[in-house]
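So you know, we letter chains A, B, ... as the sequences are listed, proteins then strands, and number each from 1.
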Amino acid sequence: MEATLTLNDFLLISGILFSVGLLGVLIRRNIIVIFMCLELMLSAANLTLVAFSRFDTGNGHPNYHGQVLLFFIITVSAAEVAVGLAVMVALFRSRKTTDVSQINSMKF
Amino acid sequence: MIFLFYLFAAIALAGAIGVVAFKNPVSSAFSLVISFLGLAALFIQLDAYLIGILQILVYAGAIMVLFLFIIMLLDLPAEEKRHFRGATVICSLAFVAGFVALLVTVLKRSGVGERMIPEIATSGGSDSSDIHRIGELLFSQYWFPIEMVGILLLVATVGVVVLSRKELK
């Protein structure tokens, strides 16, 4: 019997990747690693979008609107990473740490 | 086909677990690159060639170089001290396991995910490639969002310059 891929396979992988990223956000203490885990969660959501785009075919083509949305997500996340890392550099300058358990006051 | 799917999914998952498990932030960053490469392979397997290439160029290239640059600039301690708070780890694991269980249940119950991968037209020709179609959509139907994204990138660039100045006043 020839086994073929179903939408569930992709959605499951995407969900597990998202969960691993969520786990990292919850248990890691280094703020830069937490930020990397956020990127991982974002990419997992991208996989869902691509999978739905590919499985929703109209007259022999994937649904390209989903891939256009993905294009925007990638652009926005690049801008988000740049700003976020600048904020972390500023934070490190004033606190001398990247450990989130030591960053616990709003005003320094 | 199905073997390649499992191979790339395993690569992406192993990289993701490495990000969480490695203690050294540089190891985590390289592990994340591997995870992104596996994801890009999955995108290409789903016939999203442009998105797969963008994933490699933007995520595995630009974003991860930025991460590594900042990690090395800040000179982070290689070994982060694990004041092992078992309660946090156990609660997080339980929460995430519950999330995965919920996901599996929902996917099993709903019939949406049961469909097989549909055939798409593989005829040649320059106007049938996905980059052609996405470009057409971007500059016709989505002209306003793409202008907004351009402004967003400009604002982000200026914001980063302001944020990285020596004294934040």
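- Side-chain heavy atoms closer than 4.5 Å link hydrophobic residues (I, L, V, M, F, W, Y) into clusters, and following such links, possibly through other members, connects Leu38(A) to Leu26(A).
- For a residue to count as touching a neighbouring chain, one of its non-hydrogen atoms must lie under 4.5 Å from one of that chain's; by this rule Met148(B) does not touch chain A.
- Highest contact tally toward chain A, considering only Val100(B), Leu152(B), Leu138(B), is held by Leu138(B) [criterion: heavy-atom pairs under 4.5 Å].
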Verdict with reasoning, Phe92(A) to Ile70(B), per side chain to side chain contact (heavy atoms under 4.5 Å, CB included)
CA-CA 11 Å; Phe92(A) 186 78; Ile70(B) 296 295; over 6 Å; no

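- The two atoms that bring Val83(A) and Ala156(B) nearest to each other are CG2-CB, 4.0 Å, heavy atoms only.
- For Leu7(B), the CG atom is densely surrounded, since the number of other residues' heavy atoms within 6.0 Å is greater than 12.
- The shortest distance between side-chain heavy atoms of Tyr64(A) and Glu136(B) does not fall below 4.5 Å.
- In the hydrophobic clustering of this structure, Val155(B) does not group with Val160(B); members are Ile, Leu, Val, Met, Phe, Trp, Tyr whose side-chain heavy atoms approach within less than 4.5 Å, directly or through other members.
- Proximity to chain B involves both the backbone and the side chain of Phe55(A), based on heavy atoms less than 4.5 angstrom apart.
- There is a path of hydrophobic side-chain contacts, each under 4.5 Å, that joins Ile131(B) to Phe72(A).
- Leu54(B) pairs in a side-chain contact (heavy atoms from CB on, under 4.5 Å) with only one of the listed residues (Ile74(A), Leu70(A), Asn46(A)), which is Ile74(A).
- Counting heavy-atom pairs closer than 4.5 Å to chain B, the top residue among Asp9(A), Ile34(A), Thr97(A) is Asp9(A).
- Of the possible donor and acceptor atoms, one in the side chain of Arg28(A) sits under 3.5 Å from a partner among the backbone N and O of Val20(B).
- Under the 4.5 Å side-chain heavy-atom criterion for grouping Ile, Leu, Val, Met, Phe, Trp and Tyr, Val76(A) is not connected to Ile151(B) through any hydrophobic cluster.
- Nearest heavy atom pair, residue Ile63(B) against residue Ser77(A), reads CD1-OG, 4.2 Å.
- Using a 4.5 Å cut-off between heavy atoms, Phe52(A) touches chain B through its side chain atoms alone.
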What do the steps show when you test Met64(B) against Glu39(A) for side chain to side chain contact (heavy atoms under 4.5 Å, CB included), and what is the final call?
CA-CA 10 Å; Met64(B) 292 322 294; Glu39(A) 289 304 309; over 6 Å; no

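- Here the two rings, on Phe99(B) and Phe18(A), have centers that are under 6.0 Å apart.
- For Phe43(B), the ring pair (Phe, Tyr, Trp, His ring centres under 6.0 Å) criterion is met by no residue, not counting sequence neighbours.
- Contacts of residues 30-38 of chain B with chain A at a heavy-atom distance below 4.5 Å involve Leu32(B), Ser35(B), Phe36(B), listed in sequence order.
- Ile44(B) and Tyr6(B) fall into different hydrophobic clusters, defined by Ile, Leu, Val, Met, Phe, Trp and Tyr side-chain heavy atoms under 4.5 Å apart, directly or through other members.
- Atoms SG and CD1, on Cys91(B) and Ile27(A) in that order, are 12.0 Å from each other to the nearest 0.5 Å.
- A pairwise comparison of heavy atoms in Ala79(A) and Leu153(B) identifies CB-CD2, 4.0 Å as the closest pair.
- Separation of atoms CG (Leu66(B)) and CG (Leu85(A)) is listed at 5.0 Å; rounding is to 0.5 Å.
- Contact count against chain B (heavy-atom pairs under 4.5 Å) is highest for Leu47(A) among Val89(A), Leu47(A), Thr75(A).
- Looking at Leu103(B), the atoms closer than 4.5 Å to chain A (heavy atoms on both sides) all sit in the side chain, from C-beta outward.
- Across all non-hydrogen atoms, the minimal contact from Val19(B) to Val33(A) is O-CG1, 4.0 Å.
- Using a 4.5 Å cut-off between heavy atoms, Val149(B) contacts chain A through its side chain alone, with no backbone atom that close.
- Using a 4.5 Å heavy-atom cutoff, the side chains of Ser43(A) and Leu39(B) are in contact.
- Looking at Leu46(B) and Gln67(A), their side chains never come closer than 4.5 Å, going by heavy atoms from C-beta outward.
- Remark: of the listed residues Leu49(A), Val50(A), Val68(A), Val50(A) is the sole one forming a side-chain contact (heavy atoms from CB on, under 4.5 Å) with Ile51(B).
- Looking only at heavy-atom pairs under 4.5 Å with chain B, the residue among Leu7(A), Asp56(A), Leu22(A) that has the most is Leu7(A).
- Heavy-atom distances place the side chain of Val58(B), and not its backbone, under 4.5 Å from chain A.
- With a threshold of 4.5 angstrom between heavy atoms, Ala62(B) does not approach chain A through any atom at all.
- Of all non-hydrogen atoms in Leu17(A) and Ala12(B), the two that sit nearest each other are CD2-O, 3.7 Å.
- At least one side-chain heavy atom of Leu137(B) sits less than 4.5 Å from a side-chain heavy atom of His65(A).
- Atom CZ of residue Arg54(A) and atom CD of residue Gln45(B) lie 10.0 Å apart, to the nearest 0.5 angstrom.
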Evaluate the side chain to side chain contact (heavy atoms under 4.5 Å, CB included) criterion for residues Leu74(B) and Ile32(A): first the C-alpha distance (whole Å), next the side-chain angles of each, then the deciding distance (0.1 Å), finally the verdict.
CA-CA 10 Å; Leu74(B) 297 189; Ile32(A) 291 189; 3.9 Å; yes

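- When the side-chain contact (heavy atoms from CB on, under 4.5 Å) test is applied to Phe69(B), no partner is found at least two apart in sequence or on another chain.
- With contacts defined as side-chain heavy-atom distances shorter than 4.5 Å, the pair Phe71(A)/Tyr142(B) does not qualify.
- The two residues Phe5(B) and Ile13(A) have their closest heavy-atom pair at CZ-CG1, 3.8 Å.
- Residue contact with chain A, scored on non-hydrogen atoms closer than 4.5 Å, is absent for Ala97(B).
- The salt bridge (charged side-chain N to carboxylate O under 4.0 Å, His left out) search around Asp130(B) returns none, not counting sequence neighbours.
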